[in-house]
Protein chains: 2
Amino acid sequence: MERTVSQVARLAGVSVRTLRHYDAIGLLPPGHVASNGYRYYGRAELLRLQRILLLRELDVPLPAIGRILAEQDDEIAALRDHREQLVQERQRLDAVIGSVDRTLQGLSGDESVGDEEFFAGLSTKRSELQEDLTERFGPGVGASFEAAVRATDGWGREDYERMADEGRRLLLRLGAARARGVLPDSPEALKLMQLHYQGVYDLWQADATGYYNLGGVLLDNADQRALIASVDPELPPWLSAAVQAYAIRKLGYSSH
Amino acid sequence: MERTVSQVARLAGVSVRTLRHYDAIGLLPPGHVASNGYRYYGRAELLRLQRILLLRELDVPLPAIGRILAEQDDEIAALRDHREQLVQERQRLDAVIGSVDRTLQGLSGDESVGDEEFFAGLSTKRSELQEDLTERFGPGVGASFEAAVRATDGWGREDYERMADEGRRLLLRLGAARARGVLPDSPEALKLMQLHYQGVYDLWQADATGYYNLGGVLLDNADQRALIASVDPELPPWLSAAVQAYAIRKLGYSSH
DNA sequence: CTAAAGGCTGACGTAACGTCACCCTCCAGC
DNA sequence: GCTGGAGGGTGACGTTACGTCAGCCTTTAG
């Protein structure tokens, strides 16, 4: 009736090492240990092992299995909790897969949007954007464009492409965050938006007001919106909200 | 232009420890290390960090990120491969969640099937099963029932319940294996079936022929089938095939 | 000049074992 | 009684991506 490690291993379909491990962490001590150190398992241990393996197949971590087997009564409640975690993990995976798809989309073909139009289209479409901002909010808002244009005067195609690449990846990250359920005004989103603001600032020394207004334009300007949507169809409203949240929380914008 | 660890950490939203780690594994060495050991990062490193973080958010493991960034060209192919793995993992999770659901079903309510009817109903429904086997395959097949009945003569309700519990969990494990896509005649299935055969043998000293025939009865006998289906609706045909596969492969059954 | 930041290098902990490396014990055959 | 091989045992490192000390050294502000 007493089985050795290798016998139990064969019977249950686990490795000897696994049995030693379960002994080491106290999950399944042998029924009896001989004076020479040999482990011997009886019927009770085999039963316990079966229950362990069932739970293990259900992705329950070993410490949790130990607790469940210790307190028989709430085995079902524990499994229900566990199920919740599994479902959450699946949702997370779904979001990640969606992000990967959009990333592939954003990185592969999609040459419909020229490289130099990127960084939210701020590079070559700047003048158009400037007009839009100026006519909607007055000349003050777009004024700093001039300095920015001069700053990038010496840029070659390569510089723009690097900038475009950077912007594209940032939009992808923002899309991934959105897909994961991150809210536009959450701390995590604001961390990412700092990068966005930096990028915008490099092309156009935007202040709080300018950046805040940009939040609206991103939604209303067809080109801008299309550019962002090309990376993630659901990103434009999220990004718009995030821009405005950043302007308020981090740049101190207020509509006075 | 040169940023210290904490500055980069704040900018990118990662921990200082993470930067040290990325340096240690060679994923992101600082642009410059001062004579006092201080790390300083330039624009190029910030760019690389952004790309790292994008891929990290997509669940790409760090070594893979390193390879992807090293060989720019197949970034997209690498992501496509990665996507495949994510999808597989999601499928696995789906299967696990299904198994958890059936396990909850099998462990909670379900008192419609009395405890002592378990272990594939072999305990109290034995006589009925014996009739079925005898009338279909002749008296020889069911003969050893007699000895088994005597062997369990002294059993109390408690013994039967323990046996039932054991059987129930085994069926759950088999269901989990089936859901994971394990085939009835695969080595993994046969390992589990050894446990099933042992359980059957304890209640009825079945030989290869008897066990093989049981495979058919499990499908045709309404009680048996319902019992198994109560644990997993798709289990009966799988289990039937597994029983016969075990009889052939492990017990040497042949229809001569 | 001193204290507070902030930087640095180890080193352990995490999940669940796989995989050596090295040593001991039992049993069968000579 | 001896010996070889199967099978038992105990460390201890490797894996993933850092978190979290502990202990020591710079830089910077007052």
Side-chain angles (χ1 to χ4, degrees), chain A residues 2-41 45 48-49 51-69 82 85-86 89 92-93 96 188, chain B residues 2-41 45 48-49 51-69 82 85-86 89 92-93 96 188:
Chain A
E2 300 233 290
R3 276 107 169 183
T4 67
V5 267
S6 61
Q7 288 170 338
V8 173
R10 218 165 353 89
L11 279 173
V14 301
S15 74
V16 172
R17 178 67 174 89
T18 297
L19 293 175
R20 292 208 324 105
H21 183 58
Y22 290 175
D23 182 13
I25 65 175
L27 181 59
L28 180 69
H32 170 65
V33 178
S35 57
N36 58 10
Y38 283 27
R39 296 172 176 81
Y40 292 100
Y41 298 82
E45 285 74 38
R48 185 176 172 89
L49 179 53
R51 314 184 99 188
I52 290 171
L53 294 180
L54 168 55
L55 291 173
R56 189 186 68 167
E57 270 173 311
L58 302 179
D59 268 16
V60 180
L62 299 188
I65 292 180
R67 286 193 296 274
I68 291 174
L69 293 189
H82 179 57
Q85 295 179 21
L86 288 174
E89 176 64 10
R92 194 188 69 85
L93 264 186
V96 169
E188 185 176 348
Chain B
E2 299 234 290
R3 278 106 169 185
T4 67
V5 268
S6 61
Q7 288 171 337
V8 173
R10 216 167 352 89
L11 279 172
V14 301
S15 74
V16 172
R17 178 67 174 91
T18 296
L19 293 176
R20 292 207 324 103
H21 182 59
Y22 289 176
D23 183 13
I25 64 176
L27 182 59
L28 181 68
H32 171 64
V33 179
S35 57
N36 56 12
Y38 283 28
R39 297 172 176 80
Y40 291 101
Y41 297 83
E45 286 74 38
R48 185 177 171 89
L49 180 53
R51 316 184 97 189
I52 291 171
L53 294 180
L54 168 56
L55 291 171
R56 190 185 69 166
E57 271 174 310
L58 302 180
D59 268 15
V60 181
L62 299 189
I65 293 179
R67 285 192 297 273
I68 291 173
L69 293 190
H82 179 58
Q85 296 178 19
L86 289 174
E89 175 65 9
R92 195 188 68 85
L93 265 186
V96 170
E188 186 176 347

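All chains are named by letter (A, B, ...) in the order of the sequence lines, taking the proteins before the strands, and each is independently numbered beginning at 1. Atom set for the values below is all heavy atoms of this structure, side chains included, hydrogens, waters and symmetry mates excluded.
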Pairwise distance OH(B:Y40) to NE2(B:H32) - rounded to 0.5 angstrom: 7.5 Å
Pairing residues for B:E2 by the side-chain hydrogen bond (donor to acceptor under 3.5 Å, both in side chains) criterion, not counting sequence neighbours: none
DNA chain D contacts made by residues 8-37 of chain A, counting heavy atoms under 4.0 Å: A:R17, A:R20, A:G37
Five-pair end axes of the helix from C:dC1-D:dG30 to C:dC30-D:dG1, angle between them (10°): 40°
Where chain A begins and ends its contact with DNA chain D, read 5' to 3' at 4.0 Å from heavy atoms: D:dG7 to D:dA12
Summary of salt bridge (Lys or Arg N to Asp or Glu O under 4.0 Å) pairs that have at least one residue in residues 30-39 of chain A, sequence neighbours excluded: A:D23-A:R39
Interatomic distance, A:L49 atom CG to A:L27 atom CG [nearest 0.5 angstrom]: 9.0 Å
B:R39 CZ to C:dC8 P, straight-line distance once rounded to whole Å: 5 Å
Shortest non-hydrogen contact from B:G26 toward B:P29: O-CD, 4.0 Å
Between C:dG7 (C1') and B:Y40 (OH): distance, integer Å: 8 Å
5′-ward residue of the pair B:P61/A:Y38 relative to DNA chain D: A:Y38
What pairs of donor and acceptor atoms, side-chain ones from residues 56-63 of chain B against any protein atom, are under 3.5 angstrom apart with sequence neighbours left out?
from	atom 1	to	atom 2	distance (Å)
B:R56	NH1	B:Y22	OH	3.4
B:E57	OE1	A:R173	NE	3.0
B:E57	OE2	A:R180	NH1	3.0
B:D59	OD1	A:R92	NH1	3.2
B:D59	OD2	A:R92	NH1	3.3
B:D59	OD2	A:R92	NH2	2.9

Euclidean distance, B:L93 CG relative to B:E89 CD, rounded to 0.5 Å: 5.0 Å
Spatial distance of atom OG1 (B:T18) from atom CG (B:L28) [nearest 0.5 Å]: 11.0 Å
Distance in Å, A:I65 CD1 paired with A:R48 CZ, rounded so as to fall on 0.5 Å steps: 10.0 Å
Heavy-atom pair with the smallest gap, counting every atom of A:A9 and A:S15: CB-C, 4.1 Å
